Protein chains: 2
Amino acid sequence: MATNIRDVAKAAGVSVATVSKVLNGYTTVNENTKERVLQFVKEMQFRPNSAARSLVGRRSMTIGIFLTTGLAHPFFTQILAGMEQALKSKGYDLIYLAQLSWNREYSFVRHCQSRNVEGVVVFGFQHEDMNFDELVESDIPTLFIDLDVHEGRAGYISSDNQAGTQQAVSYLAGLNHRRISFLSGNKDSYVSRHRQKGYRAGLTAAGLPYREEYVAEGDFTRETGYVAMGKLLALTERPTAVVCCSDMSAVGAMEAIHDAGLSVPEDISVIGFDDIEIARYVSPALTTVRQDMITIGRRSIELLDDLILDKKLPPPEAIVPTELIVRGSCGPANG
Amino acid sequence: MATNIRDVAKAAGVSVATVSKVLNGYTTVNENTKERVLQFVKEMQFRPNSAARSLVGRRSMTIGIFLTTGLAHPFFTQILAGMEQALKSKGYDLIYLAQLSWNREYSFVRHCQSRNVEGVVVFGFQHEDMNFDELVESDIPTLFIDLDVHEGRAGYISSDNQAGTQQAVSYLAGLNHRRISFLSGNKDSYVSRHRQKGYRAGLTAAGLPYREEYVAEGDFTRETGYVAMGKLLALTERPTAVVCCSDMSAVGAMEAIHDAGLSVPEDISVIGFDDIEIARYVSPALTTVRQDMITIGRRSIELLDDLILDKKLPPPEAIVPTELIVRGSCGPANG
DNA sequence: TTGTAGGCGTTATCAC
DNA sequence: GTGATAACGCCTACAA
């Protein structure tokens with residue numbers, strides 16, 4: 001059906017070995033024959049069968065992707081767009097391994113191995129309920145996004161969560177806010193922990209005290225943002241500003257503020273984290289800490305490629321800068 | 001490294017052929033040996049190498065995905081989530097073929113063939129600048145989403161664009177609107193054409209005349225929605241309602257209305273199409289025609305699977321129902 | 001019912 | 001500089 005290396009060899013009047021050598025950049029082949037072979041390759045639109053290639057132990061040029069949070073993650077598209085750039089230039093294809101629901105004994109690692117996957121990107125923010133031991137022990141180069149796994153051949157990449165949050169707090173302090181609260185994500189998630197660190201650092205830098213009651217826990221979603229904000233509002237000395245762990249929880253917080261008969265930013269200033277598209281469309285538009293997911297996507301493939309190519313390379317811990325995007329949800333302190 | 005069929009055969013004390021037969025559901029194998037083989041398969045966590053499998057002409061269980069609009073498409077995530085359900089139950093993996101930018105002679109079809117891809121899903125709304133001839137002629141089972149290609153082994157799936165738009169017009173007519181305008185997408189796109197058809201059908205059903213000047217062209221984006229709405233507002237007898245070809249263009253239209261000193265829905269009612277997440281967050285929240293992208297994603301894989309399994313099957317033309325989601329952007333006609 | 005052996009398309013190791 | 005040929009892991013006639 002599709003042309004194979006033998007067809008090309010026959011057409012060019014050489015052996016398959018020669019064609020193979022030309023294709024793999026061996027220098028031990030005559031310039032003229034090389035020229036002729038390449039011409040036939042182009043003419044016949046020949047592309048080596050990747051299954052055969054990976055079978056003989058050569059590279060499969062395949063990177064697997066695993067989503068701990070399902071496809072529904074708001075950043076997925078941006079990350080993928082960033083990945084695409086690097087995939088193109090490095091020549092990888094990206095495979096999404098749909099785990100077979102009917103198989104109780106399903107092993108993601110075995111699935112990767114049977115597919116000859118060269119590396120894996122894991123993406124999501126759930127730490128607790130996933131067991132990555134098998135993956136880490138498998139020695140398959142792995143890059144986690146937003147999960148601080150750093151062991152064996154597994155590294156990670158994430159935004160500078162701490163600095164980003166600290167900058168948000170400083171910005172509010174600069175607007176004379178002195179009662180700044182923090183709406184966290186799941187306490188044990190890597191990103192939430194570091195954002196909370198940044199919150200404390202920001203308070204300290206501004207000479208503000210850390211108050212336990214000003215920290216409310218959510219889980220990144222709009223719903224828990226609403227509930228958590230409600231608790232903050234019930235405080236006798238209620239905060240004049242709130243830094244949220246995600247844009248969606250900020251949206252929930254704004255709704256709670258609105259429902260309490262207060263307004264943003266006159267009564268309370270709100271800052272989100274992420275800069276998802278929705279942030280621009282809520283009213284007032286949300287001031288937020290932008291994560292550069294395009295860069296994170298691109299770098300994740302580049303770092304993974306390094307890991308694949310160099311077996312001895314220590315796994316990376318990459319941090320990508322954030323940017324404060326000022327819109328309309330913050331104003332000077334009032335009260 | 002990873003266990004192969006020979007290891008399993010040795011462990012179970014049988015030949016590789018027997019193991020293979022067990023794995024492939026041959027009935028010509030003794031119940032006891034089968035039992036024992038399966039036990040070792042499970043114990044050793046054996047999974048046949050898919051490269052070797054597809055090399056011997058068996059199935060690769062791989063479906064390719066091709067995006068004409070890049071990853072940035074707003075529905076991408078939902079479609080993928082729908083696909084995932086079917087991929088799981090059918091046992092396919094999904095591969096994203098990153099086209100190699102440095103290769104001028106790049107052929108998507110050859111890439112698919114070299115990867116032994118069994119079928120392809122094409123997704124996007126650009127018709128004109130893409131050349132699908134090679135793909136259609138390649139005889140690779142293909143399923144287009146939102147593109148009415150129907151030829152050879154290529155079929156398509158899409159929302160019921162016509163009925164959805166017609167329902168939107170009827171809804172407005174029911175609110176006593178008599179000057180209902182239409183903000184189209186790219187005129188030559190499949191979905192826009194059918195939505196415009198539905199617009200006319202809706203007018204006819206309501207006994208309203210079709211007026212050329214009430215149709216403004218955009219390209220689904222917010223920017224062109226803003227511009228097109230501006231033109232409609234400049235009309236001497238300006239419309240009291242507008243049906244838009246997408247939610248993003250509806251957002252643009254609402255901004256134009258606002259900037260003209262008018263308000264939604266008091267002065268002008270607005271209906272979108274898609275029901276993307278943003279529709280819930282603009283103010284007023286957008287009444288819109290929801291597309292069931294989850295179902296479209298799931299069905300696209302199911303239909304593709306049918307096409308792959310049955311070489312004689314005529315390619316499908318599948319239409320998925322829409323649903324009118326009533327929110328706050330429409331009110332009774334006023335004037 | 002089970003085992004042997006040839007072949008899928010490619011690369012790597014030798015000879016020549 | 002070039003060409004046989006043995007792998008890679010698996011499946012499928014065919015033989016036993």
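It should be emphasised that the depicted structure is a prediction, and the values quoted were computed from it without experimental measurement. Protein chains get the first letters and strands the later ones, always in sequence-line order, with residue 1 at the start of each.
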*Indicate for each nucleotide in nucleotides 11-16 of chain C, in 5' to 3' sequence, whether protein heavy atoms under 4.0 Å reach the base (B), only the sugar-phosphate (S), or nothing (-).*
BB----
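- Each of B/Val14 and B/Leu55 was matched to the nucleotide of DNA chain C holding its nearest heavy atom; the match closer to the 5' end belongs to B/Val14.
- Straight-line distance from the CZ atom of B/Arg6 to the P atom of C/dG3: 15 Å, rounded to whole Å.
- Set against D/dC10, D/dG9, C/dT2, the side chain of B/Thr18 has C/dT2 as its closest nucleotide.
- In this entry the distance linking CZ of B/Arg47 with P of D/dG9 reads 17 Å, nearest Å.
- Within residues 29-39 of chain B, the residues having any heavy atom closer than 4.0 Å to DNA chain C are, in order of number, B/Val29, B/Asn30, B/Thr33.
- For the residue pair B/Ser50 and A/Ser114, no side-chain donor N or O sits within less than 3.5 Å of a side-chain acceptor on the partner.
- Whole-Å rounding puts the A/Arg115 CZ to D/dC10 P distance at 14 Å.
- The line from CG of B/Leu94 to CD1 of A/Ile95 is 8.0 Å long, rounded to the nearest 0.5 Å.
- Considering only side-chain N and O atoms, B/Asn4 lies under 4.0 angstrom from the phosphate OP1 or OP2 of D/dG9.
- With hydrogens and angles left out, the side-chain atoms of A/His150 and A/Tyr156 include no donor and acceptor closer than 3.5 Å.
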*Given B/Arg47 and A/Tyr106, is the side chain to side chain donor-acceptor pair (under 3.5 Å) satisfied, shown in steps?*
CA-CA 10 Å; B/Arg47 260 187 91 117; A/Tyr106 176 79; 5.4 Å; no
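- Salt bridge present: B/Asp93 and A/Arg115 bring a charged side-chain N and a carboxylate O closer than 4.0 Å.
- Scanning all heavy atoms of the two residues, the minimum distance from A/Pro315 to A/Leu307 falls at CA-CD1, 4.0 Å.
- Residues A/Thr62 and A/Glu118 have side chains that never bring a donor and an acceptor to within less than 3.5 angstrom of each other.
- Counting heavy-atom neighbours within 6.0 Å of A/Glu151 CD, excluding the residue itself, gives a total of 12 or less.
- Between the P atom of D/dA7 and the CG atom of B/Asn49 lies a distance of 18 Å, rounded to the nearest Å.
- Straight-line distance from the CG atom of A/Asp7 to the P atom of C/dC8: 11 Å, rounded to whole Å.
- Separation of the A/Phe132 and A/Phe144 ring centroids falls under the 6.0 Å cut-off.
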